[in-house]
Amino acid sequence: MNLFSVFDISSAGMSVEQTRLAVAASNVANAHTTKTTDGRVYKPLSVSVRSVASHGQPASYQDIAARVVGGSAMELSAAALPRPVVAGVVAGSAPPRLVYDPGHPDADERGFVSLPAVDPVASQLELISAVRSYEANLAAFEITRSLIQRTLEIGKSR
Amino acid sequence: MLEVSPTTEVLARALDACALRHSVYSANLANAGVDGYRRLEVQFDAEAMRALVTGGMSADVPSTPPEIVTTQSAVKLDEEMAALAKNALQYQMLTRMYEGSLGTLRAAIHEGREA
């Protein structure tokens with residue numbers, strides 16, 4: 001049983017949560033962006049996350065169970081456990097909100113401005129959830145560290 | 001591994017299972033945000049622990065390795081954190097007990113005198 005590979009799992013979790021945080025922050029920040037570099041209204045982004053085994057293949061949980069049970073206790077390795085990766089950041093397809101504002105420079109001929117379909121409540125929730133998950137991974141990381149330290153102290157006490 | 005006593009052996013196995021459980025719970029936390037992820041759990045034969053509690057002097061230490069199984073439930077951050085913290089405490093307790101079981105060997109080496 002190698003505790004060191006747990007660090008990789010927790011840091012994979014942290015980097016995924018960081019991406020979610022950045023994307024949610026970008027959605028909130030761009031809630032009123034009517035024109036992006038491609039000349040169109042900002043589209044809210046979302047992150048898709050999936051689990052992979054350490055060798056990069058999508059993880060099938062039955063697979064993992066079978067592989068680990070086959071080995072003995074000493075051969076059990078956290079390397080076979082699934083870790084999350086960001087599969088992609090995709091723009092949503094929700095239609096923009098139309099707000100009547102004839103004086104706006106980006107208003108169309110009828111006087112409507114297209115505003116991004118950013119849901120402020122959902123974005124806030126996403127922010128909170130990303131931060132909480134990040135903290136959970138950080139806590140797991142710290143606990144792993146203290147367990148390894150404790151293990152190194154075996155036999156040292158007298 | 002050097003076989004000191006059945007107790008030491010049992011404790012080593014329990015430590016192994018505890019470490020595996022820690023990595024599985026950490027993986028659950030890391031994958032909590034993945035759609036459709038079902039939490040993994042470690043099943044470790046309670047026999048080993050029972051052998052330990054009831055004296056642990058029988059030579060037949062159970063040899064069933066801990067198993068990773070998939071459950072049907074999604075990950076809940078708070079429950080997972082609680083399980084992780086509890087397991088970490090158990091790990092620390094087991095390391096103390098392991099040290100204690102090595103103490104008898106130490107006493108033998110020093111012919112019973114204070115080391």
Side-chain angles (χ1 to χ4, degrees), chain A residues 1-3 5-14 16-17 20 47-51 59 61-62 64-85 87 129-130 132-133 135-137 139-141 143-144 146-148 150-151 153-158, chain B residues 1 12-44 48 63-71 75 77-78 80-81 84-85 87-96 98-100 102-103 105-106 114-115:
Chain A
M1 187 64 247
N2 187 355
L3 274 177
S5 48
V6 184
F7 286 136
D8 300 339
I9 298 175
S10 292
S11 52
M14 282 191 275
V16 161
E17 300 309 331
R20 281 179 63 205
V47 184
S48 86
V49 184
R50 62 193 172 92
S51 295
Y61 309 121
Q62 284 77 17
I64 295 158
R67 223 177 317 151
V68 177
V69 173
S72 84
M74 294 305 287
E75 291 160 14
L76 291 171
S77 163
L81 290 169
R83 58 202 65 197
V85 291
S129 142
R132 289 287 178 267
S133 294
E135 283 170 351
N137 279 297
F141 194 97
I143 292 176
T144 308
S146 71
L147 290 191
I148 290 176
R150 180 72 197 106
T151 312
E153 280 165 20
I154 289 179
K156 231 176 150 187
S157 58
R158 275 154 292 206
Chain B
M1 186 197 269
R13 297 230 175 129
L15 267 173
D16 252 355
C18 226
L20 179 69
R21 196 171 276 141
H22 175 76
S23 45
V24 164
Y25 291 166
S26 298
N28 284 342
L29 281 174
N31 290 284
V34 180
D35 269 343
Y37 181 84
R38 293 282 168 263
R39 71 182 293 269
L40 303 174
E41 180 59 272
V42 174
Q43 267 174 9
F44 179 50
S63 58
T64 33
E67 279 184 58
I68 298 182
V69 293
T70 315
T71 65
V75 181
L77 276 192
D78 49 353
E80 210 64 34
M81 277 311 299
L84 190 80
N87 186 62
L89 277 179
Q90 204 161 26
Y91 186 91
Q92 305 215 347
M93 182 191 79
L94 284 168
T95 54
R96 289 277 155 77
Y98 189 81
E99 273 182 334
L102 289 180
L105 178 66
R106 199 189 305 269
E114 292 243 344

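As the structure is a prediction and not an experimental result, all values here were calculated from the model. Keep in mind that the numbers below use all heavy atoms, side chains included, and drop hydrogens, waters and symmetry copies. Chain naming here is simple, since letters A, B, ... match the order of the sequence lines and numbering starts at 1 in each.
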Give me the atom names and distance for the closest heavy-atom approach of E99(B) to I154(A). OE2-CA, 3.4 Å

Work out which heavy atom in A88(B) is nearest to a heavy atom in I143(A); give both atom names and the distance. CB-CG2, 3.5 Å

Taking A130(A)'s backbone N and O only, do any of them form a donor-acceptor pair with S133(A)'s side chain (distance below 3.5 Å, no angle check)? no

Considering only heavy atoms, which portion of A27(B) lies under 4.5 Å from any heavy atom of chain A: side chain, backbone, both, or neither? both

Let me know if L29(B) has heavy atoms under 4.5 Å from chain A in its side chain, its backbone, both or neither. both

When heavy-atom pairs shorter than 4.5 Å are enumerated against chain B, which of L147(A), V49(A), V16(A) gives the highest number? L147(A)

Atom group of T144(A) that falls short of 4.5 Å from chain B, counting heavy atoms: both

Mark yes or no for whether N31(B), through its side chain, and P82(A), through its backbone, hold a donor-acceptor pair below 3.5 Å. yes

Is A136(A) close to chain B through its backbone or its side chain, or both, or neither, when contacts mean heavy atoms under 4.5 Å? both

Any side-chain to backbone donor/acceptor pair from S10(A) onto F7(A)? Under 3.5 Å, distance only. no

